[in-house]
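Below is one structure, written out as structure tokens; the observations come after it.
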Amino acid sequence: MRLDKLLSNMGIGSRKDVKTLLKKNQVTVNGMFAKDSSMKVDPTADEVSVNGKVIRYQQYIYLMMNKAPGYVSATMDNREKTVIDLLGEDVKHFNPFPVGRLDKDTEGLLLLTNDGNLAHQLVSPKKNIGKTYYAKIDGFVTDEDIATFQEGVVLEDGYQAKPGALKILERGENSEIEVTITEGKFHQVKRMFEAVGKKVTYLKRLRMGELKLDDTLNLGAYRELTESELAYCLSLKPKT
């Protein structure tokens with residue numbers, strides 16, 4: 001890989017900025033001052049430093065976020081704040097994007113990555129990856145609703161959702177539930193409850209497959225995936 005490409009990919013600056021750093025003898029490769037921005041380096045073997053700080057090359061980034069309400073799951077929006085606005089500059093340069101969508105007012109587990117192949121696997125209907133949500137419901141959730149969800153709720157547009165597993169945590173005029181679905185249609189959980197005459201007043205995603213929300217993450221906070229979490233995600237990618 002070209003030296004300037006490696007450094008720009010790691011957020012050091014534009015290729016023009018890298019040339020300036022080289023002229024000022026601020027970049028070394030294996031302990032020697034680098035002079036040519038086009039020189040080829042091996043990211044896995046060569047030690048590249050800027051002002052004495054070793055730059056560890058990383059192609060992909062995998063972040064777990066506890067999404068805060070008020071942010072849309074997009075990389076850009078002309079009117080609304082996006083989940084990318086919650087990220088620091090140290091990870092923004094990887095150009096991560098949200099995997100799937102959480103509604104603007106929904107909280108909880110959101111994965112962000114720049115690995116398009118992995119993102120496709122996580123949201124592919126063929127993978128049948130369960131997504132578990134906790135919700136507060138305006139209305140008395142019944143055993144009949146559990147059966148209806150299991151059969152597949154028919155939404156207002158006539159679409160029959162895939163079977164969902166509904167668990168009642170607290171019954172009452174205001175109920176609390178957990179529901180696991182394998183689809184991600186627009187406002188799906190809200191529409192499923194509307195189809196049985198009830199309204200979601202609070203929604204939080206807890207899990208995607210084996211990936212579980214870190215309950216120590218504050219709203220809007222994020223961290224890189226642990227080794228075991230990343231191993232699970234990468235196991236979903238097709239073997240090449």
Side-chain angles (χ1 to χ4, degrees), residues 63-74 77 79-87 98-112 122-123 125 127-223 225 229 232:
L63 302 173
M64 174 188 292
M65 175 183 285
N66 185 3
K67 180 188 170 296
Y71 293 82
V72 296
S73 298
D77 193 283
R79 296 172 296 176
E80 307 281 359
K81 294 178 292 185
T82 76
V83 292
I84 303 302
D85 293 322
L86 294 167
L87 301 178
V99 178
R101 297 180 64 87
L102 286 181
D103 300 337
K104 179 183 174 182
D105 57 350
T106 299
E107 302 176 7
L109 175 63
L110 185 66
L111 182 67
L112 297 104
L122 281 168
V123 299
K127 291 288 185 178
N128 283 318
I129 294 175
K131 302 167 186 68
T132 301
Y133 298 81
Y134 164 81
K136 294 180 180 179
I137 308 297
D138 182 5
F140 201 107
V141 182
T142 67
D143 291 342
E144 185 180 345
D145 294 329
I146 293 177
T148 301
F149 272 56
Q150 183 59 48
E151 292 168 5
V153 179
V154 178
L155 304 181
E156 82 289 343
D157 60 0
Y159 174 78
Q160 183 170 11
K162 288 184 177 181
L166 176 59
K167 179 182 178 182
I168 301 173
L169 304 177
E170 187 170 323
R171 299 175 190 260
E173 292 184 8
N174 294 294
S175 302
E176 296 181 32
I177 63 92
E178 281 187 7
V179 62
T180 301
I181 60 176
T182 57
E183 297 179 286
K185 302 291 183 184
F186 182 68
H187 291 321
Q188 180 157 346
V189 174
K190 295 175 182 177
R191 292 165 65 201
M192 290 170 77
F193 277 98
E194 286 171 2
V196 294
K198 299 167 182 72
K199 182 179 180 181
V200 174
T201 58
Y202 173 82
L203 188 62
K204 179 178 183 177
R205 183 157 66 191
L206 304 176
R207 184 186 291 267
M208 292 176 65
E210 296 179 16
L211 201 62
K212 185 173 179 283
L213 177 65
D214 183 343
D215 57 14
T216 67
L217 283 176
N218 294 325
L219 281 173
Y222 60 91
R223 63 164 173 76
L225 295 187
E229 290 167 344
Y232 162 69

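What you see is a predicted model, and the numbers here were worked out from it, not measured in a lab.
Take I84 and apply the side-chain contact (heavy atoms from CB on, under 4.5 Å) test, not counting sequence neighbours, and it matches T75, T82, L87, K92, L112. Applying the side chain to side chain donor-acceptor pair (under 3.5 Å) rule to N218 yields no partners; only residues at least two apart in sequence or on another chain are considered. For the side chain to side chain donor-acceptor pair (under 3.5 Å) test, residues two or more places apart in sequence or in another chain that qualify with D157 are R191. Legend: residues meeting side-chain contact (heavy atoms from CB on, under 4.5 Å) with D105, ordered by chain and number and at least two apart, are D103, K190. In terms of the side-chain contact (heavy atoms from CB on, under 4.5 Å) criterion, residue partners of I129 (sequence neighbours excluded) are, by chain and number, L122, K127, Y232, L236.
Applying the ring-ring contact (aromatic ring centres under 6.0 Å, His included) definition to pairs two or more places apart or across chains, those involving residues 140-188 are F149-F193.
Atom CG of residue L225 and atom CG of residue L211 lie 6.0 Å apart, to the nearest 0.5 angstrom. To the nearest 0.5 Å, the span separating CD1 on I168 from CG on D143 amounts to 5.5 Å.
Electrostatic pairing of D138 and K198 does not count as a salt bridge here, judged by no charged N lying under 4.0 Å from a carboxylate O. Salt bridge status for K104 with E80: present, with a side-chain N to carboxylate O gap under 4.0 Å.
A donor-acceptor contact shorter than 3.5 Å links the side chain of T148 to the backbone of E144. Under the 3.5 Å distance criterion, the side-chain polar atoms of R205 are matched with a main-chain donor or acceptor of L109.
Partner of Y134 under the side chain to side chain donor-acceptor pair (under 3.5 Å) criterion, out of K167, E176, E178, K204: E176 alone. Considering K131, E183, K162 in turn, E183 is the only one that fulfils the side chain to side chain donor-acceptor pair (under 3.5 Å) rule with Q188.
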